[in-house]
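To keep things clear, I will list the structure first and then write my remarks on it.
Within every chain, numbering begins at 1; the chains are lettered A, B, ... in the order of the sequence lines, protein sequences first and strands thereafter.
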There are 2 protein chains.
Amino acid sequence: MARWEPGATARLQKAALELFTSQGFEQTTAAEIAQAVGLNRRTFFRHFPDKRDVLFLGQQELEGALVAAVAQAPAGESPMSLIGFAIARVADMFADTPREHARARQTIIDTNAALLERQHHKNANLAQLLRDALRDQGIAEPAATLAAESAVTVFNLAFRQWLATNETRTLSVIAAETLAELRALDVRR
Amino acid sequence: MARWEPGATARLQKAALELFTSQGFEQTTAAEIAQAVGLNRRTFFRHFPDKRDVLFLGQQELEGALVAAVAQAPAGESPMSLIGFAIARVADMFADTPREHARARQTIIDTNAALLERQHHKNANLAQLLRDALRDQGIAEPAATLAAESAVTVFNLAFRQWLATNETRTLSVIAAETLAELRALDVRR
DNA sequence: GTCTATAGTGCGATAGAC
DNA sequence: GTCTATCGCACTATAGAC
C-alpha cells in the first residue's frame, strides 16, 4: 500500500457523507471521518478548513461557471437576460449529477442549523460574485445586486423543486420556469 | 450590591460591542465579556446560545413586525404590494435607531466570516417567515418564496445604503426607492 | 504530529425574588 | 416553600499554534 492513496479529499467527503447519514452531523467527529479512510485527524483539517466544509465542495466550479456565463454574454443585455444565461449555465452543470446523492446531502444539511448557516453563507457569496460580474457587464447599482440575489433565489428554489420526490423534469427546465415566475411577479393578480 | 443587577442581557451586549470594537471579535472571549459586567462566563451562555448571538438581538421583534405587517394587509393584494407593506413597516422600526450604533455593529460583522455567516442565516430565516406569511395571504408558490426573498434583499440593500457615509435620507425613503428599482428590473434597458 | 485555547454543555450548588 | 438567575466545576471537540 502506498504511503498515501490518491484522492484523499474525495474519499474523506464520501466517508463523511456516509457517517453523517448514519449517525448525524454532530455525532460524527472529524477524527472519526479521518480514521474511516485511514488518515489522521489533523489531515482532515488540512483538506477542509472546518468540519462543515466537507459537504460544500464543487463550490469553486460553480462560482467560476456563473461568472463566466455572465462575462461571455453578448453586450447590452438586460439584467434579467443576463441572470437567465447564468442560471441556464449552472443548471446544465447539474445535468448528470445523481439526484439521490444531492438529496442525501441536502437532507443532512437541512437537519442541522450550523450546516444550513454555512449553505446560506455560500449562497450569499455566490450572489456577491454574480453581482460583480453584472457590474462588469455595465449593470449599475442597485440593479446589479437585486438581479444577482434574485438569480440565486431562483436557482435555489428550482434546485429544491428538482430534489422533490416525483419530480422528473430536468433542473434546466425547472429553473427556466422559475425565472419566468419571477418576471411575472409584478404583473400577477 | 445585589446578587444580580437587572438587564444583564443588555449590559452583556453593550460590553460585547465595545470589546469587539476595540480588540476584535475573535480576540475577545466570552469570559472576558462576562467579567466586564461582573458576571460568570457560564452566565453569558445562559443569555446567548452562542458568542455570535450577542450581536443579533432584536431579531424577534423584527420577525414579529414583518409577519404582522403582511397579516394585517388588506386581502387580495399582489405579492409586490404585500412586501411593500412589510418593508415600510420594518423600515419605520429603525426610524429612531442611531446610525452610528448600527454602523459600529455592522463594521464588526463585516470583518468576521463567522458573523457574516450568522447574519446571512438570520436573513434566510426572515425570508422564510415572510414567505409563510405571504402564503397565509393566499400567495401561491413559487411567488411566495420569490417575493419573500426579494423583500429581504431590498431591505438589506436599503439598510446598507442607509449606513453609508453622507447618506441623510431616512431608511423608509431609501427602502421605498429600492423596491421601485426592483419592480423596474424587468423593463429596464 | 503534539499541545493549547476556548466555545459550548451538563450538572449540582447557591442566592435572591416572590 | 417555589422559581429563577447565577456560579463553579468538569468535560468534549473544534480549530489553530507551535
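Across the protein-nucleic acid pair, Arg52(B) atom CZ and dA15(D) atom C1' stand 14 Å apart, rounded to whole Å. Rounded to whole Å, the distance from CG on Asp53(B) to C1' on dT9(C) is 16 Å. dA15(C) atom P lies 17 Å from atom CG of Leu39(B), rounded to whole Å. Rounded to whole Å, the distance from CZ on Phe45(A) to C1' on dC3(C) is 15 Å. Rounded to whole Å, atom C1' of dG16(D) lies 18 Å from atom CZ of Phe48(A).
The base of dG8(C) does not come close enough to the side chain of Arg46(B) for any donor and acceptor atom to sit less than 3.5 Å apart.
Between Asn40(B) and dG8(D) there is a side-chain N or O to OP1 or OP2 distance below 4.0 Å. Contact check, His47(B) against dA5(D): no side-chain N or O comes under 4.0 Å of OP1 or OP2. Phosphate contact (OP1/OP2 of dT14(D), side-chain N/O of Arg41(A), threshold under 4.0 Å): present.
The stretch residues 106-116 of chain B has no heavy atom under 4.0 Å from DNA chain C, so no residue of it qualifies as close. Listed in residue order, the members of residues 16-36 of chain A having a heavy atom less than 4.0 Å from DNA chain C come to none.
Residues that satisfy the ring pair (Phe, Tyr, Trp, His ring centres under 6.0 Å) test with His121(B), not counting sequence neighbours, are His120(A).
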- Message: As a quick check of understanding, evaluate side chain to side chain donor-acceptor pair (under 3.5 Å) for Thr145(A) and Glu141(A), giving each step before the final call.
- Response: CA-CA 7 Å; Thr145(A) 298; Glu141(A) 290 294 357; 2.8 Å; yes
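When the nucleotides dC11(C), dT6(D), dA15(D) are ranked by their closest atom to the side chain of Arg42(B), dC11(C) comes out on top. Side-chain proximity of Lys51(A) to the nucleotides dG8(C), dA15(D), dC7(D) is greatest for dA15(D).
In this structure, Gln137(B) contributes its side chain and Ala71(B) its backbone to a donor-acceptor pair below 3.5 Å. Listed for the Arg105(B) side chain is no donor-acceptor partner under 3.5 Å among the backbone atoms of Leu17(B).
A donor and an acceptor atom, one from each side chain of Glu167(A) and Gln161(A), are located under 3.5 Å apart.
With a 6.0 Å radius and a threshold of 12 heavy atoms from other residues, nucleotides or ligands, Lys122(B) has its NZ atom above the threshold. Other residues, nucleotides and ligands place no more than 12 heavy atoms under 6.0 Å from the CD atom of Gln60(B).
By the 30° and 60° cut-offs, the orientation of the rings of Phe155(A) relative to Phe94(A) is tilted.
Linking Ile, Leu, Val, Met, Phe, Trp and Tyr residues whenever their side-chain heavy atoms come within less than 4.5 Å leaves Leu129(A) and Val90(A) in two separate clusters.
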